[in-house]
Amino acid sequence: MLKSISAKRNVLIDVMKGFAIVLVVLGHVIYFSKTPNCCNNEFLYNAIYKFHMPLFFFLSGYLAYKKIDEDFANWIQKKFTLLIIPYLIYSLTYFDIIPLITGRSLRFPGLPGLTDISFIYTISDSAWFLPVLFESFIGLFLFINFIKNTKKELAIISLIIFFIALPWLSQNTSQGQWQFIHYGIFVIIGYYTNVYKDSFIKILNNSSICNIIY
């Protein structure tokens, strides 16, 4: 039977994070072992890149449960320190300091100096997942409060409209906005998976599939 894990350290979460890290490494190995054009038709490469980052964002949302509600201002300040500051340090080092030393420009075309930092995560070689995750946490907080403070019927209608418009939003937004919309959804799904995990486990325990397995 499936059991709810009440311990502070959830081994399954660690295993899933480890698995996602392995996929990241494998995806980069495939990418750098071939030309980018070859990867467009590479089944394993495409499968990995459609799965591993959503898994990271899902787990981040899952682990945000309760923490984001306790003291959001303090919690988001800690996330800023853990996500945005390392991102800024990396961006300054990779896109400004290293080119200054080596003479090789890595700067985003058309933007002068350090203003690149606000937009760097929309191009390759950037640590884009850090600011996108930070934005997703803010989006999650707003989403939670929208659900709490909105009538159930209106909230459901709003969500239906959003998901109907999602394909259009994906095609008519900038890369940075697309990343926020695309991955922010997985943060929300992860959060509510934790919220209702006991109900999910109960359903699985009572399902015929689990009875057959166990």
Side-chain angles (χ1 to χ4, degrees), residues 2 4-5 9-65 67-68 79 82-84 86-87 90 120-141 143-144 159-160 162-197 199-201 203-204 207 209-210 213:
L2 296 175
S4 177
I5 300 174
R9 194 74 182 184
N10 190 328
V11 177
L12 179 59
I13 296 295
D14 290 335
V15 171
M16 294 176 69
K17 287 192 290 186
F19 177 63
I21 291 171
V22 171
L23 290 180
V24 170
V25 174
L26 181 58
H28 281 77
V29 169
I30 295 173
Y31 180 84
F32 286 108
S33 64
K34 299 181 178 181
T35 61
N37 290 333
C38 291
C39 292
N40 291 335
N41 298 317
E42 185 70 41
F43 174 78
L44 180 59
Y45 174 85
N46 289 328
I48 289 173
Y49 271 79
K50 288 182 183 299
F51 176 76
H52 71 305
M53 292 311 297
L55 177 58
F56 271 122
F57 280 84
F58 171 86
L59 294 174
S60 297
Y62 185 91
L63 295 173
Y65 175 55
K67 297 177 183 177
I68 197 172
K79 290 301 177 185
L82 292 172
L83 297 174
I84 300 303
Y87 165 72
Y90 169 83
I120 279 174
Y121 68 87
T122 64
I123 63 174
S124 60
D125 295 335
S126 65
W128 61 268
F129 49 89
L130 296 177
V132 171
L133 181 57
F134 182 76
E135 293 171 354
S136 297
F137 283 141
I138 295 176
L140 173 62
F141 175 76
F143 182 85
I144 292 170
L159 291 176
I160 292 174
F162 172 77
F163 281 103
I164 290 176
L166 193 58
W168 180 86
L169 291 172
S170 299
Q171 296 176 1
N172 295 276
T173 56
S174 68
Q175 179 67 13
Q177 292 170 329
W178 179 88
Q179 288 171 327
F180 167 67
I181 294 171
H182 180 75
Y183 293 107
I185 290 174
F186 289 98
V187 172
I188 292 173
I189 293 173
Y191 175 87
Y192 281 100
T193 298
N194 199 343
V195 171
Y196 297 108
K197 68 177 183 298
S199 299
F200 293 147
I201 291 171
I203 293 172
L204 288 172
S207 68
I209 295 177
C210 285
I213 294 175

- So do the side chains of Y192 and F143 get within less than 4.5 Å of each other, counting heavy atoms only? yes
- Item | Heavy-atom closest contact (F137 atom, A64 atom, distance) | CE2-CB, 4.1 Å
- Task: Determine the minimum heavy-atom distance between L59 and I13, stating which atoms define it.
- Result: CD2-CD1, 3.9 Å
- Which distance, rounded to the nearest 0.5 Å, do you find between the OH of Y87 and the CG of L130? 8.5 Å
- Item | For I185 against I181, the heavy-atom pair lying closest together | CG1-O, 3.2 Å
- Distance (rounded to the nearest 0.5 Å) between L55 CG and K17 NZ: 11.0 Å
- Query: Using the benzene-type ring in the case of Trp, are the ring centres of F58 and F186 under 6.0 Å apart?
  - Reply: no
- Got a second to check how far I138's CD1 is from F180's CZ, nearest 0.5 Å? 8.0 Å
- Task: Measure the spacing between NE2 of H182 and CE of M53 and express it to the nearest 0.5 Å.
- Result: 10.0 Å
- Is the Y183 ring parallel, tilted or perpendicular to the W128 ring (thresholds 30°, 60°)? tilted
- Look up atom OH in Y62 and atom CD1 in I189, then write down how far apart they are to the nearest 0.5 Å. 14.5 Å
- Item | Pairwise distance CZ(F19) to CG(L26) - rounded to 0.5 angstrom | 9.5 Å
- Task: Please name the pair of heavy atoms, one in Q179 and one in V132, separated by the smallest distance, quoted to 0.1 Å.
- Result: O-CG1, 3.7 Å
- Note on the structure: Of all heavy-atom pairs linking S136 and F57, the shortest is OG-CE2, 4.2 Å
